[in-house]
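A, B, ... follow the sequence lines: proteins, then strands. Residue 1 opens every chain.
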There are 2 protein chains.
Amino acid sequence: MFDEIDIHILEILQEKARIPNAEVARQVGMAPSAVLERIRKLEERGIIEGYEVRLNPACFHQGLSAFVQVESDGAATAQALAEVPSVQEVHQVVGPDGFLVKLRTADHTTLARILGEIRALEGVRSIRTQVVLETVKETRRVDLTEHNGNGRH
Amino acid sequence: MFDEIDIHILEILQEKARIPNAEVARQVGMAPSAVLERIRKLEERGIIEGYEVRLNPACFHQGLSAFVQVESDGAATAQALAEVPSVQEVHQVVGPDGFLVKLRTADHTTLARILGEIRALEGVRSIRTQVVLETVKETRRVDLTEHNGNGRH
DNA sequence: GTTGAAAATTTATAACA
DNA sequence: TGTTATAAATTTTCAAC
């Protein structure tokens with residue numbers, strides 16, 4: 001799938017995605033055009049899904065995180081949950097609690113309102129909420145260290 | 001904190017962070033240097049935390065997600081959890097289950113090994129694991145729609 | 001798949017409204 | 001703060017290897 005140079009490029013981009021191509025080329029010791037070509041192919045193959053800016057949620061009235069275990073029998077529940085504003089993640093999980101939902105809200109008042117919305121969704125039998133006191137770690141970064149020196153994948 | 005133009009810029013960057021400054025300037029109808037200045041200040045003020053490439057986890061042997069409820073009495077548990085490879089998130093939550101941990105692994109075998117590691121951490125009394133069957137939605141994007149037309153913040 | 005060079009575009013900087 | 005203008009740097013393309 002990719003070689004060590006690709007991994008190196010991805011490591012650089014994971015660290016800081018909005019840097020010039022020429023700078024990436026310098027760090028991996030290749031011509032800018034070659035790096036551009038590799039990045040293009042990584043994008044085409046779906047290995048790179050996209051580029052995001054990481055905003056500080058607290059600056060946008062979204063400082064409160066919570067996880068909600070949703071027990072549901074409705075097939076359409078997942079989509080309905082995904083469309084609720086401030087829902088950031090919806091995972092279908094094994095076991096009696098059908099879905100695990102992550103959401104961000106401004107405060108406890110807003111959280112209460114959102115939870116009411118979720119409880120009112122068709123098919124939802126019960127919900128159990130866990131409010132986050134403090135987020136110690138939160139990253140989307142993929143661990144690439146194991147892909148170094150192993151040759152091709 | 002920021003005005004409508006800032007919000008517009010952030011909306012564009014949330015959609016696709018690795019686009020030229022000049023293109024952003026075109027879309028908001030301003031001079032590139034003015035846009036660059038605004039972005040710099042958003043970065044300085046910590047509103048923009050950084051830029052990330054979004055990689056496809058499945059391409060890096062991280063296709064299996066799971067959430068682990070960790071009941072613990074150790075003060076250092078959070079840090080220990082955060083340092084476990086393949087742990088992507090650690091949240092301290094209200095209630096008896098002290099922490100909620102999100103992790104990504106290659107397969108069930110690896111998951112079992114990681115869970116063993118977590119269970120062996122000092123202070124951990126019990127863990128309860130929820131394996132993700134399917135992720136319906138997973139985004140870090142902040143909802144900026146409410147910040148439009150409301151004037152300054 | 002890579003290189004190297006040319007052309008188009010973008011970024012950085014400074015003077016100015 | 002924003003704009004324009006200029007120089008420096010970068011991106012992109014393409015022919016050749």
Value in whole Å for how far the P atom of C/dG1 lies from CD1 of A/Ile39 = 14 Å
note = Looking only at D/dG2, D/dT11, C/dA12, the nucleotide nearest the A/Ala22 side chain is D/dT11
ask   = Nearest-Å distance, CD1 (A/Ile19) to C1' (C/dT10)?
value = 16 Å
key: Donor-acceptor contact below 3.5 Å, side chain A/Arg18 vs main chain B/Ile19   = yes
task = Could you go through the ring pair (Phe, Tyr, Trp, His ring centres under 6.0 Å) check for A/His91 and A/Phe99 one step at a time?
result = CA-CA 5 Å; A/His91 306 273; A/Phe99 302 98; over 10 Å; no
message = Rounding to an integer number of Å, can you tell me how far B/Glu23 CD sits from C/dA8 C1'?
response = 15 Å
message = Need one value for B/Ala31: base, sugar-phosphate or nothing, where a base atom within 4.0 Å counts as base even if backbone is also close, heavy atoms only.
response = base
key: Given C/dA12, D/dT13, C/dT11, the nucleotide with the shortest approach to the side chain of B/Arg40   = C/dA12
ask   = C/dA12 P sits how many Å from B/Asn21 CG, rounded?
value = 7 Å
ask   = Picking from D/dT12, D/dG2, C/dT10, which would you name as closest to the side chain of B/Arg38?
value = D/dG2
remark   = B/Glu37 atom CD is separated from C/dT10 atom C1', nearest whole Å, by 17 Å
query = Can you tell me how far P of C/dG1 sits from CD of A/Glu4, to the nearest Å?
reply = 16 Å
inquiry  = Taking donor-acceptor contacts at under 3.5 Å, does the side chain of B/Ser33 reach the base of D/dT4?
reply    = yes
request  = Report the relative orientation of the aromatic rings in A/His147 and B/Phe60; use parallel for angles under 30°, tilted for 30 to 60°, perpendicular for over 60°.
outcome  = perpendicular
task = Would you mind reading off the distance between A/Ile5 atom CD1 and C/dG1 atom C1', rounded to a whole angstrom?
result = 10 Å
note = Of D/dT13, C/dT2, C/dG1, the nucleotide closest to the side chain of A/Lys41 is C/dG1
Shortest non-hydrogen separation from A/Ile127 to A/Val68 and the atoms involved = CB-CG1, 3.8 Å
ask   = Of the nucleotides C/dT10, D/dT10, C/dA12, which one has an atom closest to the side chain of B/Leu36?
value = C/dA12
key: d(CD, B/Glu44; C1', D/dT1) in whole Å   = 15 Å
Exercise: identify the closest heavy-atom pair between B/Asp6 and B/Asp3 = N-OD1, 3.0 Å
